[in-house]
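Below is one structure; the comments refer to it alone.
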Amino acid sequence: MFDKILIANRGEIACRVMETARAMGVKTVAVYSDADRGAKHVAMADEACHIGTGPAPADSYLLGDEIIAIAQSTGAQAIHPGYGFLSENPDFVDAVEAAGLTFIGPSADAIRKMGLKDAAKVLMEEAGVPVVPGYHGTNQDAGFLQEQADQIGYPVLIKAVAGGGGKGMRLVEAAGDFAEALKSAQGEATTAFGNPDVLIEKYIQQPRHIEVQVFGDGTHAVHLFERDCSLQRRHQKVIEEAPAPGMTPEMREAMGQAGVRAAEAIGYKGAGTVEFIVDGSDGLRTDGFWFMEMNTRLQVEHPVTELITGVDLVEWQLRVASGESLPAQQDDLSITGHAFEARLYAEDVPKGFLPATGTLTHLSFPESCRADSGVRAGDTISPWYDPMISKVIVRGPTRAIALSRLSQALAETEVGGTVTNLAFLGALAAHEGFAAGEVDTGLIARDLEQLVKAPEVKPEHKAAAAMQALGLIDGSWETGFTLWSDMRRSVHLSYQGEPFEAMVEVDGPDRQLWEFPDDPDAQVCANRIGGGWVLGGDRLPAMSQSGNTITVFDGYGLQFEVVDPLERASAAGGDQNVIEAPMPGLVKAVFAEAGQSVKEGERLAILEAMKMEHSLLAARDGVVAEVLAAAGDQVEAGAALVRLEEADS
């Protein structure tokens with residue numbers, strides 16, 4: 001076994017690897033960028049070394065040569081890549097091994113064989129793994145690809161061969177739409193991956209995304225059963241579970257063996273995932289699943305497999321990489337119970353799931369769940385990296401109990417300092433169709449309006465925030481008053497930009513009467529009972545405050561702002577003449593020119609932030625007066641990018 005390893009990653013996965021390494025008595029070395037100097041993974045490691053010249057991944061976590069040099073200088077014997085960054089870079093693997101170090105993962109050859117979707121599908125066909133009907137060849141002539149799509153039959157899916165995360169992917173439902181969709185997919189693929197090549201696949205009407213966890217020692221492989229990752233939004237996984245609902249023993253055996261054949265066909269070593277697209281229109285059938293791709297690394301959703309099998313996959317990675325054979329044979333592995341994982345992100349759901357930044361003023365998870373997180377209270381969600389806060393993971397003896405535990409864990413999770421997708425996750429966990437196991441990749445899109453419905457803000461919530469703002473929770477009843485003042489006070493707050501006034505009459509140390517002038521029927525009586533406050537029959541929820549922001553931990557976290565009425569904005573609509581950056585990021589492209597006429601909704605620029613591209617649109621018809629940014633500029637939130645001429649009055 002290794003004495004010391006370097007983790008070439010950050011955040012949640014770096015912390016996850018360190019936990020297992022520490023339990024095995026293996027010392028760890030962390031690397032960190034400028035933005036991560038005070039990060040959790042840095043504090044957890046036995047040693048930590050600064051890397052690069054800036055916070056961007058290209059200037060830090062993607063510097064393979066520098067990472068290898070740090071490993072050598074610190075005496076690390078192996079490098080664990082985590083996931084993302086360099087985890088599936090075969091050239092990095094070659095360089096690690098050339099330096100006399102061990103790469104904790106598959107060989108460069110295995111990564112290369114699975115790196116391009118078209119070549120991987122040909123290899124899988126040869127290994128006897130079922131593949132979706134389609135064209136995976138090298139002929140990229142537009143007319144030829146149109147002919148292939150016509151032969152496959154619509155609808156078809158155009159996919160970038162070097163793609164991932166839904167980029168370079170287009171659904172085409174009719175022959176007349178193919179040419180435009182192809183051009184769009186190739187353009188996006190070129191921008192994202194530097195490779196315009198695509199493949200064409202038959203589109204499955206009621207698709208489910210079921211993947212098989214495999215583990216190999218370079219010669220033999222086993223599978224650790226399946227995970228269902230069908231609950232997706234724009235091809236991004238949201239909630240994963242294991243085992244898959246509706247799975248039959250025959251289907252599990254067929255999929256598991258297909259995964260093993262895939263791994264053994266490339267001499268796979270370490271943890272990997274074989275992803276299948278499954279036709280869920282008529283139950284799960286052994287002739288209704290097809291290979292999509294293989295992820296040659298540990299997956300984000302690996303904890304659900306760990307919880308149902310009792311296997312620590314990171315421990316297995318370290319043991320096999322250090323020269324051991326497979327820690328278990330197929331017959332040794334079994335499933336116990338059911339597990340779910342929900343991905344908690346800093347993102348503004350009402351604004352189209354826009355990734356968010358901010359300092360976490362409060363962060364707490366219930367003891368009933370496993371929370372794999374790379375941040376702590378006081379840490380900042382940076383614009384440079386993925387905005388994941390944590391993975392909330394639960395297990396139960398049955399799917400129904402596990403799902404109930406997930407709902408409870410999400411309801412008890414507390415995040416202050418940034419907006420999150422917590423309410424969205426809670427709505428998914430409560431979705432009737434999902435609870436019944438009726439899942440497919442289109443569920444979220446079909447029911448999105450219901451799932452993003454804003455939580456109800458009750459007068460009790462407003463009163464709680466006002467009590468916090470006036471210091472009337474823990475202090476004596478005289479707090480905030482003088483001998484010469486009335487026992488009535490008011491405070492101005494806002495919720496999601498809507499201001500309101502809260503007025504209180506303090507009736508002794510244990511009773512407060514709250515009113516809201518804008519809503520005369522909304523009155524709340526707060527009573528202190530047994531040392532705790534009760535508002536309208538419910539106990540006062542937990543809260544946190546940072547500056548003027550108060551978070552009430554009910555309804556998955558409700559953020560109120562304390563407002564100075566003298567500073568309230570006089571104009572409500574905002575300036576439609578200026579197109580601003582909604583968050584810090586890199587200006588990827590600018591399409592506007594001075595003097596150009598534009599229409600409302602027309603794309604004027606693209607901002608890259610949080611590993612995603614965001615189109616910035618004209619708020620009205622008009623003429624461009626000034627272009628204030630250029631492609632390649634790094635801008636802060638609120639920076640003006642394009643200004644339109646003043647509209648005629």
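All values reported here derive from a predicted model rather than from experimental measurement.
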Please determine whether side chain to side chain contact (heavy atoms under 4.5 Å, CB included) holds for the pair V534 and L540, giving the CA-CA distance in whole Å, both sets of side-chain angles, and the decisive distance to 0.1 Å.
CA-CA 6 Å; V534 175; L540 180 74; over 6 Å; no
Who passes side chain to side chain donor-acceptor pair (under 3.5 Å) against Q634, sequence neighbours left out?
none
Under a 4.5 Å cut-off applied to non-hydrogen side-chain atoms, are Y385 and P55 in contact?
yes
Indicate yes or no: at least one non-hydrogen side-chain atom of E226 is less than 4.5 angstrom from one of M247.
yes
Which side chain to side chain donor-acceptor pair (under 3.5 Å) pairs, counting each pair once, include a residue from residues 546-560, with sequence neighbours left out?
H461-D554, T549-E561
Could you tell me how the ring of F560 sits relative to the ring of Y495: parallel (under 30°), tilted (30 to 60°) or perpendicular (over 60°)?
tilted
With sequence neighbours left out, what residues match A522 under side chain to side chain contact (heavy atoms under 4.5 Å, CB included)?
P459, F516, D519
Do any pairs count as a side chain to side chain donor-acceptor pair (under 3.5 Å) and have a residue in residues 462-471, sequence neighbours left out, and if so which ones?
Q468-Q545
Contact check, side chains of V552 and P541, non-hydrogen atoms, under 4.5 Å:
yes
Return the set of residues passing salt bridge (Lys or Arg N to Asp or Glu O under 4.0 Å) with R208 (not counting sequence neighbours), or none when no residue passes.
D228
For residues 408-416, tabulate all N or O donor-acceptor pairs below 3.5 Å that involve a side-chain atom, not counting sequence neighbours.
residue : atom : partner : partner atom : Å
Q408    : NE2  : E412    : OE2          : 3.2
T413    : OG1  : A409    : O            : 2.8
E414    : OE1  : H362    : NE2          : 2.7

R399: which residues meet the side chain to side chain donor-acceptor pair (under 3.5 Å) condition with it, sequence neighbours left out?
E241
Got a sec, which residues hit salt bridge (Lys or Arg N to Asp or Glu O under 4.0 Å) with R446, two or more places apart in sequence or on another chain?
D440
Just jot down the side chain to side chain donor-acceptor pair (under 3.5 Å) partners of R376, sequence neighbours excluded, or say none.
D379
List, one per line, each side-chain donor-acceptor pair under 3.5 Å for residues 579-588, sequence neighbours excluded.
residue : atom : partner : partner atom : Å
K588    : NZ   : E608    : OE2          : 3.4
K588    : NZ   : E613    : OE2          : 3.0

Which pairs would a plain distance check flag for residues 341-353, meaning a side-chain donor or acceptor within less than 3.5 Å of a matching protein atom at least two apart in sequence or in another chain?
residue : atom : partner : partner atom : Å
R343    : NE   : E240    : OE2          : 2.7
R343    : NH2  : E240    : OE2          : 2.7
R343    : NH2  : E301    : OE1          : 2.9

So, E501 versus S490: side-chain donor-acceptor pair below 3.5 Å or not?
yes
Quick one: salt bridge (Lys or Arg N to Asp or Glu O under 4.0 Å) partners of E275, sequence neighbours excluded?
K237
Mind listing the closest non-hydrogen atom pair of L493 and A469 along with its distance?
CD2-CB, 4.4 Å
